[in-house]
Amino acid sequence: MPLCRIPKSDGTTQYAFYRDGNICPVDSIVDGPVTDENVFELATEIIGAGNAAADDSFQPAPAVLLPPTPTPEKIFCIGLNYRDHAIETGAEIPTEPVVFSKFNTALIGHGQTIELPAISTKVDYEAELVVVIGKEAKDVAAEQVMECVFGYACGHDVSARDWQKGRPGGQWLLGKTFDTFAPVGPCVTLRQELPDPSNLRVQMELNGEIVQDSTTAQLIFDIPTVVAHLSKFVTLKPGDLIFTGTPPGVGDAKDPPVYLKPGDRCSVIVEGIGTLTNQTTSA
């Protein structure tokens, strides 16, 4: 059963099972506390407890959920990784993964607010499937790499196109990592409960309208390939996140372009995981 992370009044966090907008605190079922320090080690126990949770143990989820796993050391993103999106932008199909990153200060959770910076007028939306690393991985072969995956979440790669592409040399890092530009949530579905992520529907709903709609079958570089590729360069650590790319339909590719404005409601919908919703505001 998917897992979410909830803020408590004392400033600490609490893990809970997440089902159809309802939650059940993990500590009420699992022996011993589940914390940011041990959540990755307890995956098997968590799955068993979640499957045994009674219906009457669930209650409505709060409006705000934290990113579903502890603050990552690293956040990677893969650009132009959907074949249909690459075609949409007129770009050549990449021959190896296009990698960039975000800082963890960009990270927010479900129900939290995306802040549109005053120094950008072209902020765009990108719905994505996010991979959560659960075990340390260094130079791992694609055949074994999935053992290092903890699970999957919905992600929104918010992008300031005028910085990403409109500055000398192309400022991908700056355009992608404004504060609040990496919503993730509402939950993480553990790998054991979603064993085949190769054909999941990924959508973006903007103010009630579906504007992106494709499946992970369109990925140019599938998840094992991406994780193995990254592990050749850096040591992946538990909690690290990988945004795997976005489908066609981004606002910058429309005629005329469509950019986010204050008050917009963005929902990333990923099959087998759930719906991540955030509203925009002026910074």
Quick check for you: to the nearest 0.5 Å, what is the distance between Cys266 atom SG and Ile114 atom CD1?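 These two atoms lie 4.5 Å from each other.
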Under the side-chain contact (heavy atoms from CB on, under 4.5 Å) test against [X], which residue among [options] passes?
{"X": "Asn81", "options": "Thr246, Val98, Asp222, Ile220", "result": "Ile220"}
{"X": "Ile273", "options": "Leu276, Val270, Ile269, Thr275", "result": "Val270"}
{"X": "Ile78", "options": "Ile223, Ile242, Thr225", "result": "Ile242"}

Does the [X] side chain pair with the main chain of [Y], one donor and one acceptor, at a distance under 3.5 Å?
{"X": "Thr177", "Y": "Phe103", "result": "yes"}
{"X": "Ser231", "Y": "Val140", "result": "yes"}
{"X": "Thr280", "Y": "Gly263", "result": "yes"}
{"X": "Thr89", "Y": "Ala253", "result": "no"}
{"X": "Gln212", "Y": "Pro247", "result": "yes"}
{"X": "Gln112", "Y": "Gly109", "result": "yes"}
{"X": "Tyr82", "Y": "Thr244", "result": "no"}
{"X": "Thr216", "Y": "Asn199", "result": "yes"}

Sidechain N-carboxylate O distance under 4.0 Å for [X], [Y]:
{"X": "Asp139", "Y": "Lys232", "result": "no"}
{"X": "Lys122", "Y": "Asp252", "result": "no"}
{"X": "Lys102", "Y": "Glu126", "result": "no"}

Show, in sequence, the C-alpha distance, side-chain angles and deciding distance for Leu260 and Asp124, and conclude whether the side chain to side chain contact (heavy atoms under 4.5 Å, CB included) test is met.
CA-CA 6 Å; Leu260 295 176; Asp124 204 353; 5.9 Å; no
Greater than 12 external heavy atoms within 6.0 Å of Gln192's CD: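 Counting neighbours around CD of Gln192, more than 12 heavy atoms of other residues, nucleotides or ligands fall under 6.0 Å, so yes.
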*Arg265 atom CZ: more than 12 heavy-atom contacts under 6.0 Å*: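 Open: at most 12 neighbouring heavy atoms sit under 6.0 Å from CZ of Arg265.
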- Between Lys261 and Asn207, does a side chain to side chain contact (heavy atoms under 4.5 Å, CB included) hold up when you go through it step by step? CA-CA 11 Å; Lys261 60 187 185 303; Asn207 299 325; 4.0 Å; yes
TODO: Would you sort out whether Ser214 and Asp84 count as a side chain to side chain donor-acceptor pair (under 3.5 Å), showing the intermediate values?
DONE: CA-CA 8 Å; Ser214 189; Asp84 44 9; 2.7 Å; yes
Tyr15 and Ile29: same hydrophobic cluster, using ILVMFWY side-chain contacts below 4.5 Å?
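Same hydrophobic cluster.
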| message | Within 45 degrees of the ring normal and closer than 6.0 Å to the centroid, is that where the cationic atom of Arg19 sits relative to Phe58? | response |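 Verdict for Phe58: a cation-pi partner in Arg19.
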Check your understanding: Does any donor atom in the side chain of Tyr125 or Asp264 lie under 3.5 Å from an acceptor atom in the other side chain?
Key ->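 Their side chains do not contain a donor-acceptor pair, so the 3.5 Å distance test is not met.
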Short side-chain donor-acceptor distance under 3.5 Å, Thr235 and Glu136:
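Result is no, nothing qualifies.
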Evaluate Phe76 against Val130 for side chain to side chain contact (heavy atoms under 4.5 Å, CB included), listing each step before the verdict. CA-CA 10 Å; Phe76 291 103; Val130 173; over 6 Å; no
